[in-house]
Amino acid sequence: MLPHKLIEQRLQHAVQAILPGSDVAAVLVRPCPDPKFGDYQTNALMSLAKARKMNPRQLAADVTAKLDLRDCCESVEVAGAGFLNFRLAPSAMVQSLQEAARGEHLFFEKTVRPRTVLVDFSSPNVAKPMHIGHIRSTILGDSITRMLRLLGHRVITDNHIGDWGTQFGKLLVGWKHHLDLPALQIEPIGEMDRLYKLVNAAGESDPAILEQSRQELVKLQRGDEENLKIWREMLALSQAQFDRIYQRLGVNFDKALGESFYNSRLQPLVRELCDKGIARESEGAIAVFFKDIPHLKANPALIQKSDGAFNYTTTDLATLAYRLETWLPAEIVYVTDARQQLHFQQIFAVFRRWHPEAKVNLTHVWFGSILGEDGKPFKTRSGETIKLADLLDEAEERAFKVVSEKNAELSEAQRREIARIVGIGAVKYADLMSNRQSDYVFSWDKLLALNGNTAPYLQYAYTRIRSIFRKSGLETTGGGTRNPRLALAATQEIALARHLLNFGLVLEAAVDEYRPNFLCNYLFELAGHFTSFYENCPVLKAESEMRANRLLLCELTARVLKQGFEVLGIETAEQM
RNA sequence: GCGCCCGUAGCUCAGUUGGAUAGAGCAUCUGCCUUCUAAGCAGAGGGUCCUGGGUUCGAGUCCCAGCGGGCGCGCCA
């Protein structure tokens with residue numbers, strides 16, 4: 001068991017003994033903010049004492065007296081207002097490193113309570129280019145999925161593609177009257193996008209075109225063969241585009257049930273909500289009102305428009321119900337931008353009335369916008385939305401220039417591959433490293449910077465380790481079990497080892513709050529500890545035992561970095 | 001008008017159940033490449049955490065009010 005888990009467990013038992021019946025779930029340890037205090041601390045005893053009007057230092061002393069941590073801690077001390085500081089015994093730290101070296105763990109443990117989680121993210125639209133607005137959802141959703149799976153949860157990813165709706169009326173008019181077939185073959189998305197914009201603009205000055213679009217839409221919805229055929233072709237062309245982007249990003253979905261999949265469920269759903277008295281007619285539409293929910297009081301949810309058509313609230317409700325009956329998830333996570341908060345509050349509120357018995361957790365993991373360096377929504381110079389494919393191309397191109405400068409002796413193919421890993425990694429990392437709820441300013445110079453909290457800096461730390469192993473002629477240390485006398489002496493060695501031990505702690509926090517940036521910060525600090533070690537502690541030039549110890553630290557650091565990157569969806573290169 | 005979010009170093013941002021002396025990168029300044037990749041390291045300066053109250057042993061974090069900014073608010077998604 002990892003040392004901090006062991007401490008936590010014993011601590012909870014001790015608290016239970018001193019304060020029978022108290023809720024010890026919140027009695028947790030975390031790394032000390034400053035190593036001078038120790039390795040781990042708990043401040044939970046202060047709040048327990050407060051709630052009981054006890055003397056916090058006395059409580060801490062009483063708990064300490066009940067604690068036996070001689071096998072893993074050098075000292076346990078009461079400090080300050082009632083902190084309890086734990087300093088690990090060097091042997092406990094070494095033991096943990098050796099377990100990791102033997103492959104018994106990588107400083108994290110799988111959950112003891114695996115749950116089924118459905119993650120809904122990305123959701124691009126048919127016949128439109130994927131753009132900058134899709135990137136955060138895609139990358140955050142993918143990383144959240146990877147982290148959950150690493151900790152042993154069962155995850156189903158479902159891409160809720162926008163493949164139905166009023167835009168198809170205009171698209172059909174465009175396709176039938178203005179289609180440029182050669183252009184469609186070369187650049188299908190661009191052509192469909194052009195058709196939509198063309199008809200949309202024409203409709204603004206000519207009501208007849210709008211009427212024509214409505215007619216085509218109605219025909220499609222009624223199952224007209226010709227329109228369905230065109231619609232299916234638009235879907236296939238779009239899916240090919242999505243697949244190319246997802247392949248570049250290394251993102252996979254278990255399911256891609258678009259909005260159209262739920263068409264047949266919408267009318268029955270509205271009828272059921274009306275029959276149950278949850279929804280009612282209002283100004284010609286069908287709406288759900290929330291008189292009893294203060295912040296939704298002024299915001300009823302429309303589930304059927306006055307013209308009889310359904311909207312995305314209807315579809316989302318049908319989708320939610322389908323997912324629940326199909327996969328029985330304990331939780332459904334929606335990864336979308338902040339502007340949809342009200343929408344999801346409405347969806348969740350309607351759903352709770354509709355299925356009050358359902359135990360499922362519904363979570364809206366929302367995120368802020370990507371801004372340009374002028375602080376306004378990120379656009380091209382001409383004011384167009386930035387296409388995702390172009391963004392990725394530019395990232396690779398810029399990375400290629402840097403790699404070529406720094407490492408001109410590598411072959412072009414090698415430099416291209418490194419540029420791909422660094423460029424895509426940099427775009428992803430920039431998105432994941434900031435608090436997802438803040439807007440962030442997109443800057444090529446910052447995300448491809450070679451220092452600071454960036455993908456290239458972290459990837460570089462990894463290549464330095466790999467370089468040591470190449471030079472040593474060893475692939476790895478071979479597990480390090482042949483070095484039972486592992487001892488850490490230099491302060492940089494100890495700082496690095498201590499940080500390695502906290503990987504799992506951080507991973508759990510990142511998953512609990514769906515905040516990959518916790519993991520990014522951890523990896524940045526790990527890379528910092530490593531480079532500091534690298535500068536001060538020669539590895540290959542060290543004498544036999546010290547050399548083996550240092551090689552082991554290198555190997556474990558590389559493994560944690562690689563594993564950390566992997567759950568962020570970022571690749572590593574052997575050299576840069 | 002109502003609701004949500006934000007305001008931390010010159011700039012861009014972190015800040016984990018409220019917790020110990022508020023951190024990082026950039027920029028500025030000072031050192032370090034006959035030594036495992038200097039895409040690096042070591043160090044320095046730089047703060048009324050928007051303002052004012054409150055709760056608390058303890059507030060950047062919680063509550064209230066105000067100022068400033070972003071976003072959302074029935075037939076788009």
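We name chains A, B, ... by the order of the sequence lines, and we start the count at 1 in each one.
Between the side chain of A/Thr385 and the main chain of A/His131, no donor-acceptor pair closer than 3.5 Å is present. The backbone N or O of A/Thr463 sits nowhere less than 3.5 Å from a side-chain atom of A/Ser467 that would complete a donor-acceptor pair. When atom types are taken as modelled, the side chain of A/Asn311 and the backbone of A/Thr314 share a donor-acceptor pair closer than 3.5 angstrom.
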I'd like a table of donor-acceptor pairs (distance under 3.5 Å, sequence neighbours excluded) in which one partner is a side-chain atom from residues 281-299 of chain A, with atom names and distances.
from     : atom 1 : to       : atom 2 : distance (Å)
A/Glu281 : OE2    : A/Gly284 : N      : 2.7
A/Asp292 : OD1    : A/Arg353 : NH2    : 2.8

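Minimum heavy-atom separation, A/Phe469 to A/Cys554: CE1-CB, 4.0 Å.
Rounded to whole Å, the C1' atom of B/G60 lies 13 Å from the corresponding atom of B/U48. Across the P atoms, B/C5 and B/C49 are found 23 Å apart, a figure rounded to whole Å. A gap of 15 Å separates the P atoms of B/A9 and B/G46, to the nearest Å. For the C1' atoms, the distance linking B/C11 with B/U51 amounts to 23 Å, nearest Å. Comparing the same atom, C1', in B/C76 and in B/C13 gives a spacing of 34 Å after rounding to whole Å. A gap of 48 Å separates the P atoms of B/G40 and B/A77, to the nearest Å. Only the P atoms considered, B/G74 is 49 Å distant from B/U28, to the nearest whole Å. Rounded to a whole angstrom, the distance from the C1' atom of B/G53 to that of B/A59 is 14 Å.
Contacts of A/Leu342 with the nucleic acid, taken as non-hydrogen atoms under 4.0 Å apart, involve only primed sugar atoms and P, OP1 or OP2. The residue A/Glu525 sits apart from the nucleic acid: no heavy atom pair falls under 4.0 Å. If you check every strand for non-hydrogen atoms under 4.0 Å, A/Gln459 touches nothing. A/Pro538 comes within 4.0 angstrom of a nucleotide base, judged by non-hydrogen atoms across all strands. Using a 4.0 Å heavy-atom cutoff across all strands shown, A/Ala79 reaches at least one base atom of the nucleic acid. Within 4.0 Å of A/Ala285, counting heavy atoms only, lies at least one base atom of the nucleic acid. Counting any heavy atom pair closer than 4.0 Å across all strands shown, A/Asn85 reaches a base atom.
Whole-Å rounding puts the A/Met576 CE to B/G40 C1' distance at 12 Å. Across the protein-nucleic acid pair, A/Lys170 atom NZ and B/A77 atom P stand 12 Å apart, rounded to whole Å. For A/Asp163 and B/A77, the CG to P distance is 13 Å, given to the nearest whole Å. As rounded to whole Å, 11 Å separates atom C1' of B/U37 from atom CG of A/Leu410. Taking atom NE2 of residue A/His343 and atom P of nucleotide B/C75, one finds them 14 Å apart after rounding to whole Å. Between the CZ atom of A/Arg466 and the C1' atom of B/C36 there is a distance of 13 Å, given to the nearest Å. If you measure from atom NE2 of A/His529 to atom C1' of B/A24, you get 13 Å, rounded to the nearest angstrom. Summarising the geometry, the separation between CG on A/Asn43 and P on B/G19 is reported as 7 Å, rounded to the nearest angstrom.
Ring geometry for A/His499 against A/His529 counts as tilted: the plane angle lies between 30° and 60°, on a 0 to 90° scale. The aromatic rings of A/Tyr534 and A/Phe530 sit tilted, their planes meeting at an angle between 30° and 60°. Aromatic ring orientation, A/Tyr312 versus A/His343: parallel (interplanar angle below 30°, classes split at 30° and 60°).
Looking only at atom types and distance, the side chain of A/Thr572 has a donor-acceptor partner in the side chain of A/Lys562 under 3.5 Å away. Using a 3.5 Å distance cut-off with no hydrogens or angles, the side chains of A/Asn549 and A/Glu545 do not pair a donor with an acceptor. Using modelled atom types, one finds a donor on one side chain and an acceptor on the other under 3.5 Å when comparing A/Thr336 with A/His364. With hydrogens and angles left out, the side-chain atoms of A/Asn502 and A/Tyr40 include a donor and acceptor closer than 3.5 Å.
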Close N or O pairs between protein and nucleotides 41-44 of chain B (under 3.5 Å):
from  : atom 1 : to       : atom 2 : distance (Å)
B/C41 : OP1    : A/Tyr457 : OH     : 2.8
B/C41 : OP1    : A/Thr531 : OG1    : 3.2
B/C41 : O4'    : A/Glu535 : OE2    : 3.4
B/A42 : OP1    : A/Ser532 : OG     : 3.4

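Look at A/Lys297 and you won't find any side-chain N or O under 4.0 angstrom from OP1 or OP2 of B/C73.
A cation-pi arrangement is absent between A/Arg436 and A/Tyr514 under the rule of less than 6.0 angstrom and at most 45 degrees off the ring axis.
Taking a 4.0 Å limit (strictly below) on heavy-atom distances, residues 416-425 of chain A does not reach RNA chain B anywhere.
The partner of B/C41 is B/G31, judged by Watson-Crick or G-U wobble contacts that both fall below 3.5 Å. The partner of B/C26, taking Watson-Crick or G-U wobble pairs whose two distances both stay under 3.5 Å, is B/G10. Across the strands present, B/U55 finds no partner; the criterion is a Watson-Crick or G-U wobble pair with both atom distances under 3.5 angstrom. B/G72 and B/C2 make up a base pair, with Watson-Crick or G-U wobble contacts both under 3.5 Å.
Taking syn as a glycosidic angle within 90° of 0, B/C67 does not qualify and is anti. Nucleotide B/G31 is shown with an anti base, its glycosidic torsion being more than 90° from 0.
For A/Phe351, the ring-ring contact (aromatic ring centres under 6.0 Å, His included) test picks out A/His355, with sequence neighbours left out.
Ring-to-base geometry places A/Phe37 in a stacked arrangement with B/A20 (centre distance under 5.5 Å, plane angle under 30°).
You won't find any donor-acceptor pair under 3.5 Å spanning the side chain of A/Ser467 and the base of B/C36, going by distance alone.
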Task: Per-nucleotide protein contact string for nucleotides 55-64 of chain B (B base, S sugar-phosphate only, - none; heavy atom under 4.0 Å) - done: -SBB------
TODO: Mark up nucleotides 1-16 of chain B, 5' to 3', with B wherever a protein heavy atom is under 4.0 angstrom from a base atom, S wherever such an atom reaches only the sugar-phosphate, and - elsewhere.
DONE: ---SS------SSSS-
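Out of B/G72, B/U37, B/C75, the shortest distance to the side chain of A/Arg339 is found at B/G72.
In terms of position along RNA chain B, the nucleotide closest to A/Cys537 lies nearer the 5' end than the nucleotide closest to the other residue of the pair A/Lys305 and A/Cys537. Between A/Ala301 and A/Ala44, it is A/Ala44 whose nearest contact on RNA chain B lies nearer the 5' terminus.
Ring centroid separation for the pair A/Phe344 and A/Tyr334 comes in under the 6.0 Å cut-off.
Contact check on A/Arg420 versus A/Glu396 returns no salt bridge, with no Lys/Arg side-chain nitrogen under 4.0 Å from an Asp/Glu carboxylate oxygen.
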TODO: Give the C-alpha distance, both sets of side-chain angles, the deciding distance and a yes or no for salt bridge (Lys or Arg N to Asp or Glu O under 4.0 Å) between A/Arg136 and A/Asp337.
DONE: CA-CA 8 Å; A/Arg136 275 197 115 168; A/Asp337 71 87; over 6 Å; no
